[in-house]
S.K.: 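Pasting a structure below so you can have a look.
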Amino acid sequence: MDAAPLTAPAQSTALLTDRYELTMLQAALRSGAARRRSVFEVFTRRLPEGRRYGVTAGTGRVLDAVESFRFTTPQLDWLSDQGVVDDTTLAWLADYRFRGDIRGYGEGECYFPGSPLMVVEGSFAEAVILETVILSILNYDSAIAAAASRMSAAAGSRPLIEMGARRAHEQAAVSAARAAYVAGFSATSDLQAGFRYGLPTTGTSAHAFTLLHDSERDAFTAQVASMGRGTTLLIDTYDLAEAVRTAIEVAGPELGAVRIDSGDLLMLAHRVRRQLDELGAEKTRITVTSDLDEYAIAALGSAPVDGYGVGTSLVTGSGQPTCAMVYKLVARAASDDPDAPLVPVAKRSAGGKASRGGRKWGARRLDPEGVAEAEVVGTGPVPTELADRLLQIPLITGGAVVGREPLLAARERHLRSRAQLPISATQLSKGEPVIPTDYLVPAERNL
């Protein structure tokens, strides 16, 4: 694949970064160390509280962001006016594009503490300034995907609709819809997410539509006339039982679905199902909404519910809106000679923030039944028995994106990965990571 031209894209991601990335760059250019080959690694030291596995999400968005990480003239002028960096650094940034390599866990793959989720290799200068944008994408998207995975596991075969756009920043809502789809949601209410990522979209009406009309019957009649008998009617604006009767009188037993958005959903679902059946609408589905999370979904497992709509809890990560991922230098060349060997480096600070040096690979060891029993993270040769269990795939090679894939591939990867975990992974009770992380570190210091 030919390298992309150096022209800046219409939507640059270059300033989605922290100031110290550029001040480090300036100092490294001055010291001469900026050209040293370096390896950065994205990992998390622990899972968010209550999570027994993580879900890699946002990988495709990272690839887009790296491609678009070019500095425009107005951006460079602003950096100059603000005195952020000197003229030498500005000149370097003007020609910037990432020309290195990135490998990482495939989108949708489950991960655990220490998993080398993304390995970025290039000169120190070109790799260090990607830290903030990579972390901002992976931390948020993976948090949403982890919550979505728990919800989809709790829902079983029942479909889930993402409907949290009004509970998040408008662009975060689009990313959340994408991450939720990766982790098992079937559709989104957000049209921008549908437009940008090709996600299925769905939605019919809110309480305002019923309140607009002179009667509930008038509202139902208008909606069925516009959208057909297969539509979903919202039945909890006034009296639920009366709304069910009216809905079937207007749409007939061919009515697609009804939606309940308030009250004791477990009790009401049973009542509505019984009433629908008595009216001959045995095939009319019941969808429930109303501040659902994975616990509420699990509690409705025995209810005659056919689908769920989830908003606030999803787009906020169900209480865990970030994954605490970090981006650490784990190896660097002994000099700026292109052939200089890599030397492992590691942070040795106290307080649980130490890191492990060396360019790492990740693999998942399975037991004889094909169930995951350990996350194996190593530096150096890969044991023969793990050679076909490596989890990292090429994402960017020589600056060219090679790992872009359809979102459906990430969705299918997640379902396969989650299915290989022990059954206890999908229990909602708190606990340690469902499998341990085993480290294999060779004796030699150079890689």
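Residues take their numbers from the sequence shown, with the count starting at 1.
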S.K.: For the OG1 atom of Thr316 and the CD1 atom of Ile144, what is their distance to the nearest 0.5 Å?
M.R.: 6.5 Å
S.K.: Donor-acceptor pair, Ser152 side chain versus Ala148 backbone, under 3.5 Å?
M.R.: yes
S.K.: Can you tell whether the side chains of Asp306 and Arg158 come within less than 4.0 Å, N to carboxylate O?
M.R.: no
S.K.: Hey, does the side chain of Asp367 reach the backbone of Val371 with a donor-acceptor pair shorter than 3.5 angstrom?
M.R.: yes
S.K.: Just by distance, with hydrogens left out, do Thr426 and Arg150 show a side-chain donor and acceptor under 3.5 Å apart?
M.R.: no
S.K.: Could you tell me whether a side-chain N or O of Thr237 sits under 3.5 Å from a main-chain N or O of His207, the two making a donor and an acceptor?
M.R.: no
S.K.: Heavy-atom count check: over 12 atoms from other residues, nucleotides or ligands less than 6.0 Å from Glu282 CD?
M.R.: yes
S.K.: If you measure only the distance, is there a donor-acceptor pair under 3.5 Å linking the side chains of Gln75 and Ser12?
M.R.: yes
S.K.: With no hydrogens and no angle check, do the side chains of Ser186 and Tyr181 hold a donor and an acceptor under 3.5 Å apart?
M.R.: no
S.K.: Apply side-chain contact (heavy atoms from CB on, under 4.5 Å) to the pair Tyr439 and Arg356, showing each step before the final yes or no.
M.R.: CA-CA 10 Å; Tyr439 290 94; Arg356 296 172 184 266; 3.3 Å; yes
S.K.: CZ of Arg166: more than 12 outside heavy atoms within 6.0 angstrom?
M.R.: no
S.K.: Taking atom types as modelled, find out whether Asp18 and Thr132 have a side-chain donor-acceptor pair closer than 3.5 angstrom.
M.R.: yes
S.K.: Looking only at atom types and distance, does a side-chain atom of Thr246 sit under 3.5 Å from a main-chain N or O of Glu242, one as donor and one as acceptor?
M.R.: yes
S.K.: Between Tyr197 and Phe195, is the ring-ring contact (aromatic ring centres under 6.0 Å, His included) condition met? List the steps.
M.R.: CA-CA 6 Å; Tyr197 297 117; Phe195 174 74; over 10 Å; no
S.K.: What's the shortest heavy-atom distance between Val376 and Trp361, and which atoms?
M.R.: O-CZ3, 3.7 Å
S.K.: Is it the case that the side chain of Thr201 and the backbone of Leu191 share a donor-acceptor pair, with hydrogens and angles ignored and the cut-off at 3.5 Å?
M.R.: no
S.K.: For a quick check under 3.5 Å, do Thr231 and Gln223 share a side-chain donor-acceptor pair by atom type?
M.R.: yes
S.K.: Indicate yes or no: does Glu67 engage Arg404 in a salt bridge with an N to O separation below 4.0 Å.
M.R.: yes
S.K.: Considering all heavy atoms of both residues, which atom of Ser175 and which atom of Arg61 are nearest to each other, and what is their separation?
M.R.: OG-CZ, 3.1 Å
S.K.: What's the spacing between Asp141 CG and Arg178 CZ if we round to 0.5 Å?
M.R.: 6.5 Å
S.K.: Is Glu432 salt-bridged to Arg52, cutoff N-O under 4.0 Å?
M.R.: no
S.K.: Assess whether a salt bridge exists between Glu126 and Arg99, defined as any Lys/Arg side-chain N lying under 4.0 Å from an Asp/Glu carboxylate O.
M.R.: no
S.K.: Is there a donor-acceptor pair under 3.5 Å between the side chain of Ser68 and the backbone N or O of Asp64?
M.R.: yes
S.K.: Give every residue pair that meets the ring-ring contact (aromatic ring centres under 6.0 Å, His included) criterion with at least one member in residues 268-321, sequence neighbours excluded.
M.R.: none
S.K.: State whether a side-chain donor-acceptor pair under 3.5 Å links Ser262 with Asp236.
M.R.: yes
S.K.: One pair to check against side-chain contact (heavy atoms from CB on, under 4.5 Å): Tyr53 and Ile435. What are the steps and the verdict?
M.R.: CA-CA 8 Å; Tyr53 63 95; Ile435 59 174; over 6 Å; no
S.K.: Should Arg217 and Glu249 count as an ion pair when the cut-off is N to O under 4.0 Å?
M.R.: yes
S.K.: To the nearest 0.5 Å, tell me how far Ile134 CD1 sits from Leu130 CG.
M.R.: 5.0 Å
S.K.: Looking at CG of Leu25 and CZ of Phe124, how far apart are the two atoms once the value is rounded to the nearest 0.5 Å?
M.R.: 8.0 Å
S.K.: Please say whether more than 12 non-hydrogen atoms of neighbouring residues, nucleotides or ligands are located less than 6.0 Å from NZ in Lys283.
M.R.: no
S.K.: Please confirm whether the backbone N or O of Leu117 pairs with a side-chain atom of Ser115, one donor and one acceptor, at under 3.5 Å?
M.R.: no
S.K.: Could you point out which residue of His414, Arg418, Arg413, Arg364 forms a side-chain hydrogen bond (donor to acceptor under 3.5 Å, both in side chains) with Glu109?
M.R.: Arg364
S.K.: Within a radius of less than 6.0 Å around CG of Asp264, do more than 12 heavy atoms belonging to other residues, nucleotides or ligands occur?
M.R.: yes
S.K.: Which atom names give the shortest non-hydrogen contact between Pro253 and Gly280, and what distance separates them?
M.R.: CB-O, 3.3 Å
S.K.: Do any N or O atoms from the side chain of Ser142 and from the backbone of Ala57 form a donor-acceptor pair under 3.5 angstrom?
M.R.: yes
S.K.: For the side chain of Ser215 and the backbone of Asp218, is there at least one donor-acceptor N/O pair under 3.5 Å apart?
M.R.: yes
S.K.: To the nearest 0.5 Å, tell me how far Glu162 CD sits from Thr202 OG1.
M.R.: 11.5 Å
S.K.: Below 6.0 angstrom between ring centroids: does that apply to Tyr327 and Phe40?
M.R.: yes
S.K.: Of all the heavy-atom pairs spanning Ser417 and Cys110, show the shortest one and how long it is.
M.R.: OG-N, 3.1 Å
S.K.: Hydrogens and angles aside, do Glu121 and Ser38 bring a side-chain donor and acceptor to less than 3.5 Å of each other?
M.R.: no
S.K.: Between the main-chain N or O of Ala65 and the side-chain N or O of Thr13, is there a donor-acceptor pair closer than 3.5 Å?
M.R.: yes
S.K.: Salt bridge check: are Asp101 and Arg103 linked by an N-O gap of less than 4.0 Å?
M.R.: no
S.K.: What are the two closest heavy atoms between Ala331 and Val345, and how far apart are they?
M.R.: N-CG2, 3.7 Å
S.K.: side-chain contact (heavy atoms from CB on, under 4.5 Å) between Leu93 and Leu22: does it pass, once the steps are laid out?
M.R.: CA-CA 9 Å; Leu93 292 174; Leu22 299 191; 4.3 Å; yes
S.K.: Is Glu373 paired with Arg365 through a side-chain N to carboxylate O contact shorter than 4.0 Å?
M.R.: yes
S.K.: Starting from the C-alpha separation in whole Å, work towards a yes-or-no answer on side-chain contact (heavy atoms from CB on, under 4.5 Å) for Val377 and Phe43.
M.R.: CA-CA 11 Å; Val377 176; Phe43 65 95; over 6 Å; no
